[in-house]
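Following: one structure in structure tokens, then a few remarks.
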Amino acid sequence: MTGAGASAVRVGLVYPELLGTYGDRGNAVVLVERCRRRGVAAELVVVPAGEALPAGLDVYVFGGGEDDPQEAAAAGLRQGRAALEQAVAHGAVVFAVCAGFQLCGTVYSTGDGRRVEGLGLLDATTEAGAPRCIGEVVSDTTDTLGVGLLTGFENHAGRTRLGRGTTPLGRVLVGAGNGVGGVDGAVRDRVVGTYLHGPVLPRNPALADRLLEWVIGPAARHAVADRWGAALHAERLREARLRGLRAWWRDRRLARG
Amino acid sequence: MAGAEVGPPPAPARTDLRTRCAVAAGRFAGWASRVTGRGAGTQVGGRIMLALAPGALGALAAGHRVVCVSATNGKTTTTRLLVEALRAGGHDAVWNTTGANMASGLAAALARPHTARLAVLEVDERWLARVLDPLRPALVVWGNLSRDQLDRFGEVHAIARTWRALAEAHPDLRVVANASDPHVAWAAEPAEVTWVDLGAAWRDDAATCPRCGSLLRWSEAGFACPGCRFATPPAVARLRGDELVVAGTPVRVPLRMGGAWNLRNAALALTAAHLHFGVDLAAAAAAVGTVEAVAGRFTTIPVGAGRTARVVLAKNPAGWTEVLHWLTTQPGPVVLAVNAHLADGRDTSWLWDVPYELLVGRDVAASGERALDVAVRLDYAGVDPLVERDPRRAAAVLAARTADQAVVTIVASYTQFTALTRSQW
Ligand SMILES: [Zn+2]
């Protein structure tokens, strides 16, 4: 799958009718476009709800969803677990947001307290908590994926605990993220989960390119025509600052020593 | 049951002293707010009335036959069209003209001096449960439910649940309901419903069955659940294109306002007026055809240099999608003006649920406080926008760029829309 001469990069948008509440389609669109703009053939493969998950995709994008759709998605995904595990074993990338992130864990609880089995791609368990976490988020991935500060918007009731040895995606500077331990998301090999939407990849082109690097190699480091992406990223960070989020600065100062 | 007519008008009620004092104080505050230029006065006046006399809403509504109109999209327009349709049948109605649709706005509308014994009130979908008992509506019109500002209002299913609880608590409640929207169909089911088949426009929020959670199947006939057999209910009225058939009688809906969504609003209004108030269908259709603009929607504003732009409100992905499809039939440059205040929804993720690809090849500006979010979205859609935060200036620039005199359309999120059009109301 990696390197020159490979066939088109296939980016799967998984169950968008169920896992697409927060514009999550945008994450898949951005991955495909950033390949194409570098001259790398890429296609968006929509996996409609009710269909089996194919094993041959290069990237699997999961989005957020409401409670009932999330449960319907969980049932479908458990049936496709073997295909997904096979794809992951062959180096496929899984990028999962919000409800999709919860589904990649071992188990999550619904709003009314039922426990639903997840895919177990990440060692993470989620319970519903109060209050709901809503608002802009800034997290720092310098020590994990090395793509600096991420900006996004979160809207969820989940409290996600990571198992020992599971790496969070970022340290939360603004917002709640996982709601536990001051971190957001999780990373295991090429499986990445986060609570950030916005959607997160249009707002954070560096993260999009890091995911693509795992698929197309150094070509993902080539400059790409993205006229406004960097400006949006900078604006969102500036906004977080302007809102007088002193904690953010305090943390940054501490982090930098 | 397909719409027995709503009973005779009740006798005018005498409001109690406390309500009358509260109404006087509220009117004064509303007047003060207007003359000092602080606002339209509707909200503040109503709020004062309800603070002084919490029972004022019920007291003011007594003596009226009340119709409540609620939906995620289209409630303001449906209300206005219903008022016109009823007028065609000789029923004069008071209504909340400025679209203030929470308890304070409803109280203010009912407190305005009027002689009408009929009140058609647009009600915020999340306020309906709180005002239903005081208003005791003779009829409720339910349009559609779709995602709208998830950061503020929560999920679609939660609103459908509160509506359904109302129907369960009032099984004799008369409802004119959109049979094509799974959430509305499920919510209205326990009531006395006149079903209107509007065809499904926005399905993205109705993937799963509201009753059992299974994945819904869609066909020409509507939706059907393979799990529990919940399906599009058989409707007495059906809209296809601009033809509406009500209980076997066909009528063309001659709207002056553009957009397929307004045909759906009109179909609900006409069905309600005809089957519940006995208004002649053709006369009602002719009446709604005279409406040109509702509460500033589709109004024209000056943008400088002698040029004008028309302003269209789009509040959520379903609304934006409708507007963009309509724009494919309208030539001319387009300004997309987006804010992310509380009333717009602070989360701009929805930009990616809207097919901005429909604007490819056109002259487009990304505008509003969140112009950069719009610009990034447009860039990935294959549109290279002008980025200009001020929508009037953006419209003027695009207007100057067009050789012909093609009209510029500004599509605006809520706070952009109100800022641009407030003076026109
Ligand atoms: Zn069902």
Side-chain angles (χ1 to χ4, degrees), chain A residues 15-30 32-34 37 48-50 63-73 75-76 97-98 111 132 134-136 152-155 157 196-203 205 225-236 239, chain B residues 146-147 149-161 183 203-218 226-227 317 340 342 345-357 366 369-385 387 389:
Chain A
Y15 300 168
E17 313 91 322
L18 302 173
L19 299 175
T21 306
Y22 299 107
D24 305 292
R25 179 187 178 84
N27 291 326
V29 169
V30 163
V32 168
E33 264 308 299
R34 294 183 82 81
R37 292 181 185 190
E66 301 192 4
D67 283 354
D68 281 355
Q70 182 181 10
E71 228 175 308
V97 175
C98 205
R132 214 176 157 82
I134 303 174
E136 292 279 331
F153 195 97
E154 63 182 337
N155 184 352
L196 273 63
H197 58 91
V200 64
L201 296 186
R203 278 174 67 153
D226 175 8
R227 242 182 112 189
W228 306 104
L232 174 61
H233 184 255
E235 180 189 79
R236 292 291 95 217
E239 195 72 16
Chain B
S146 70
R147 78 187 76 165
Q149 302 175 34
L150 294 164
D151 59 313
R152 189 171 162 216
F153 299 138
E155 302 176 339
V156 174
H157 193 64
I159 296 167
R161 244 190 328 252
H183 287 111
R203 292 175 186 177
D204 288 19
D205 297 316
T208 53
C209 174
R211 192 195 275 162
C212 79
S214 304
L215 205 57
L216 287 177
R217 291 196 186 129
W218 290 85
L342 196 61
R346 288 178 297 149
D347 178 10
T348 55
S349 299
W350 57 264
L351 285 166
W352 293 81
D353 292 323
V354 176
Y356 291 103
E357 287 76 6
E369 289 166 22
R370 300 302 290 268
L372 286 177
D373 295 74
V374 179
V376 167
R377 172 68 188 97
L378 288 172
D379 179 49
Y380 280 105
V383 178
D384 183 17
V387 176
R389 307 251 175 199

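Note that these values count all heavy atoms, side chains included, but never hydrogens, waters or copies made by symmetry. Quick caveat: nothing in here was measured; it's all calculated off a predicted structure.
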On a heavy-atom basis, the closest approach of Trp352(B) and Gly26(A) is CE3-CA, 3.2 Å
In sequence, state the C-alpha distance, the side-chain angles, and the governing distance for Tyr380(B) and Arg34(A), and then conclude on side chain to side chain donor-acceptor pair (under 3.5 Å). CA-CA 9 Å; Tyr380(B) 280 105; Arg34(A) 294 183 82 81; 2.8 Å; yes
Which atom pair, heavy atoms only, marks the closest approach of Leu232(A) to Val376(B)? CD2-CG2, 3.8 Å
Report yes or no: does Glu71(A) contribute a side-chain atom to a donor-acceptor pair with the main-chain N or O of Gly213(B) at less than 3.5 Å? no
Kindly determine whether Arg370(B) and Arg236(A) satisfy side-chain contact (heavy atoms from CB on, under 4.5 Å), including the steps that lead there. CA-CA 10 Å; Arg370(B) 300 302 290 268; Arg236(A) 292 291 95 217; 3.3 Å; yes
Taken to the nearest 0.5 Å, the spacing of Cys212(B) SG from Asp68(A) CG works out to 9.0 Å
Once you round to the nearest 0.5 Å, how far does OG1 of Thr348(B) lie from CZ of Phe153(A)? 8.5 Å
Yes or no on side-chain contact (heavy atoms from CB on, under 4.5 Å) for Asp373(B) and Glu235(A), after CA distance, side-chain angles and deciding distance? CA-CA 10 Å; Asp373(B) 295 74; Glu235(A) 180 189 79; 4.2 Å; yes
Can His197(A) and Asp347(B) be said to form a side-chain contact (heavy atoms from CB on, under 4.5 Å), step by step? CA-CA 9 Å; His197(A) 58 91; Asp347(B) 178 10; 2.8 Å; yes
Region of Asp226(A) in contact with chain B, defined by heavy-atom distances below 4.5 Å: both
Which one, Asp384(B), Leu372(B), Leu351(B), Leu378(B), leads in non-hydrogen pairs under 4.5 Å with chain A? Leu372(B)
Between Thr208(B) and Pro69(A) the two heavy atoms that sit nearest each other are OG1-CG, 3.7 Å
Counting only heavy atoms closer than 4.5 Å, note whether Val200(A) contacts chain B via side chain, backbone, both or neither. neither
Select, from Ala225(A), Gly76(A), Gly198(A), the one with the greatest count of heavy-atom pairs under 4.5 Å involving chain B. Gly198(A)
At their closest point, which heavy atom of Arg227(A) faces which heavy atom of Asp379(B), and how far apart are they? N-OD2, 3.9 Å
Show the numbers, then the answer: is there a side-chain contact (heavy atoms from CB on, under 4.5 Å) between His157(B) and Asp67(A)? CA-CA 9 Å; His157(B) 193 64; Asp67(A) 283 354; over 6 Å; no
By salt bridge (Lys or Arg N to Asp or Glu O under 4.0 Å) - contacts of Arg161(B) (at least two apart): none
Minimum heavy-atom separation for Leu18(A) to Ala207(B), with atom names? CD2-CB, 4.0 Å
